[in-house]
Amino acid sequence: MIAMKVMKFGGTSVGSIESLLNLRNIVNAQTKPVIVVVSAMGGFTNQLLAMCEQAQQRDISCLDVLETARKRHHDAIDGVVIDSMRDEVHATIDRFIDESLKTYYLALATNPHMPVDEIGRLCDAIVAHGEILSSAIVAGMFEDSVPHLSLNYMRTVPDGTGRVLDWEETERLVKSDFASMTDGVHVAQGFISRDKESGDVTNLGRGGSDFTAAILAALLEADSLEIWTDVDGFMTADPRTHPEATVIPTMTYEQAQQMCDAGAKVIYPPTIAPVAARHIPVWVKNTFNPSAPGTVIIDN
Ligand code: ASP
Ligand code: MG
């Protein structure tokens with residue numbers, strides 16, 4: 001396997017022009033290839049879901065919120081996307097908003113007798129657009145970007161009332177999608193997936209972009225996984241209530257798993273196991289303070 005790392009940037013890291021410019025500097029400083037996994041722009045996933053609720057109440061003022069979000073994405077494009085790609089990325093954003101999102105919201109708002117499972121499918125398709133739009137912007141920031149679409153290889157199966165990753169099918173598809181890892185910045189969406197049988201758009205659960213990055217790191221045998229977020233790392237205590245809290249420089253996978261399970265919001269809990277099983281080090285780093293050493297999670 002080729003030497004490479006997976007770098008995941010969360011919602012705040014892709015949420016403003018300032019943070020996207022930090023992301024660009026951080027990624028440009030890497031030896032290529034790298035895989036960059038992105039979340040939706042901060043807050044947009046919540047907005048997409050709130051608009052689903054509104055539309056079901058036949059309140060189409062949700063379309064105003066959509067226009068605010070459109071402007072936010074266009075402003076980001078103007079601030080960060082390279083000249084040669086800017087028009088194309090603007091058009092991509094408009095296409096997804098006008099042809100997909102608006103159509104879906106109007107379908108919800110105008111079909112009072114829509115069966116609940118159809119509503120669920122539509123809302124899953126809607127919420128996937130957070131990552132689809134942010135990844136179009138991030139891919140537009142690099143001359144050497146290679147766009148991927150996580151809907152093409154992340155597969156889930158039903159599990160009780162929820163769903164879980166289908167590791168076997170996902171492994172087969174990921175290995176084929178990333179078979180020729182050319183140099184460059186490979187950009188993929190966190191969170192989003194498809195149902196293995198129906199092909200319906202699904203997701204890995206709220207906060208699931210970390211898990212996407214861990215899955216790619218594990219299946220492609222990455223040298224490391226970096227979770228770029230808005231804190232300096234795992235802390236000894238909650239800094240809001242314990243101002244004396246400090247960053248923990250090194251942790252074991254076990255310790256990190258315990259802290260995540262206990263509610264530390266730094267990493268989505270299912271993220272640890274796949275990388276722990278393959279002894280892939282996980283770095284937690286701050287996009288807004290990239291020179292801070294962060295936390296590294298390793299065997300011991
Ligand atoms: N955008 C999704 C969420 O807000 C996934 C993620 O950010 O990890 O939950
Ligand atoms: Mg997160």
Side-chain angles (χ1 to χ4, degrees), residues 11 37-70 72-73 92-136 148-174 177 188-212 215 268-271:
V37 175
V38 295
S39 288
M41 291 185 89
F44 188 40
T45 303
N46 284 346
Q47 282 180 324
L48 287 166
L49 289 171
M51 288 186 271
C52 282
E53 295 296 319
Q54 264 184 298
Q56 285 173 65
Q57 309 302 320
R58 273 171 286 296
D59 173 1
I60 53 162
S61 67
C62 61
L63 295 180
D64 301 342
V65 182
L66 195 55
E67 290 312 315
T68 315
R70 185 201 302 266
R72 182 180 178 201
H73 285 81
T92 301
I93 300 298
D94 283 336
R95 196 175 65 245
F96 279 118
I97 291 178
D98 292 325
E99 290 172 22
S100 305
L101 287 175
K102 268 195 176 169
T103 316
Y104 297 158
Y105 283 126
L106 285 172
L108 281 175
T110 53
N111 291 323
H113 303 298
M114 190 182 281
V116 271
D117 53 337
E118 202 178 325
I119 294 177
R121 276 198 296 277
L122 212 44
C123 292
D124 282 343
I126 285 171
V127 75
H129 283 75
E131 276 71 10
I132 291 174
L133 298 192
S134 64
S135 63
H148 292 257
L149 182 58
S150 292
L151 297 177
N152 290 343
Y153 42 79
M154 303 300 297
R155 289 291 174 269
T156 61
V157 286
D159 176 51
T161 52
R163 49 177 91 94
V164 292
L165 190 80
D166 185 288
W167 275 98
E168 224 172 277
E169 185 68 354
T170 300
E171 173 162 14
R172 192 179 68 75
L173 294 170
V174 163
D177 199 90
Q189 305 75 22
F191 182 59
I192 66 175
S193 51
R194 283 189 190 277
D195 181 84
K196 181 185 171 187
E197 298 301 329
S198 66
D200 290 338
V201 174
T202 57
N203 60 64
L204 305 178
R206 295 303 308 274
S209 293
D210 294 343
F211 189 35
T212 305
I215 294 161
Y268 184 55
T271 306

- Message: Has T156 got a side-chain atom pairing as donor or acceptor with V164's backbone, closer than 3.5 angstrom?
- Response: no

(request) Kindly say whether W167 contributes a backbone atom to a donor-acceptor pair with the side chain of E171 at under 3.5 angstrom? (result) no

Taken to the nearest 0.5 Å, the spacing of S193 OG from F211 CZ works out to 10.0 Å

Taken to the nearest 0.5 Å, the spacing of Y153 OH from D177 CG works out to 5.5 Å

Next item on the list: Inspect the contact between R163 and D124 and indicate whether a charged nitrogen and a carboxylate oxygen are less than 4.0 angstrom apart.
Entry: yes

- prompt: Taking everything shown except E168 itself, do over 12 heavy atoms lie less than 6.0 Å from its CD?
  reply: no

In short, L108 meets C123 closest at the heavy-atom pair CD1-SG, 4.1 Å

On a heavy-atom basis, the closest approach of M51 and F44 is CE-CE1, 4.4 Å

Review point. Between the side chain of E131 and the main-chain N/O of A40, is any donor-acceptor distance below 3.5 Å?
Key: yes

Do N111 side-chain atoms and A107 backbone N/O form a donor-acceptor pair below 3.5 Å? yes

**Item:** Test log, rule side chain to side chain contact (heavy atoms under 4.5 Å, CB included), inputs K102 and L66
**Value:** CA-CA 8 Å; K102 268 195 176 169; L66 195 55; 3.9 Å; yes

Taking every heavy atom of S61 against every heavy atom of Q54, the minimum-distance pair comes out as OG-NE2, 3.0 Å

Rounded to the nearest 0.5 angstrom, the CD-CD1 distance for E67 and I97 is 7.0 Å

Would you find a donor on one side and an acceptor on the other, under 3.5 Å apart, between the side chain of H73 and the backbone of R70? no

(request) Give a yes or no on this: more than 12 heavy atoms of other residues, nucleotides or ligands lie within 6.0 Å of atom CD1 of I60. (result) no

To the nearest 0.5 Å, atom CG of N152 lies from atom CG of L173 at 8.5 Å

Passes side chain to side chain contact (heavy atoms under 4.5 Å, CB included), L48 versus Y105? Steps please. CA-CA 10 Å; L48 287 166; Y105 283 126; 3.5 Å; yes

Check: Side chain of Q189, backbone of L133: donor and acceptor closer than 3.5 Å?
Finding: no

Full working for side chain to side chain contact (heavy atoms under 4.5 Å, CB included) between V127 and C52
CA-CA 9 Å; V127 75; C52 282; over 6 Å; no

Rounding to 0.5 Å, atoms CG (L101) and CG (L106) come to a distance of 11.0 Å

Give a yes or no answer on whether the side chain of S150 reaches the backbone of I192 with a donor-acceptor pair at less than 3.5 Å.
no

**Q.** Donor-acceptor contact below 3.5 Å, side chain R155 vs main chain L151
**A.** yes

Task: Residues R121 and D195 bridged, charged N to O under 4.0 Å - done: no

Determine whether a donor-acceptor pair (N or O, by modelled atom type, separation under 3.5 Å) exists between the side chain of S135 and the backbone of I132. yes

Rounding to 0.5 Å, atoms CG (D159) and CG (L165) come to a distance of 11.5 Å

Smallest heavy-atom separation, G208 atom then L204 atom, equals O-CD1, 4.0 Å

For Y268 and D210 the tightest heavy-atom approach is N-OD2, 3.0 Å

Within the distance-only criterion (no hydrogens, no angle test), does the side chain of D166 pair as donor or acceptor with the backbone N or O of V157 below 3.5 angstrom? no

Nearest heavy-atom approach of S39 to G11 is CB-N, 3.5 Å

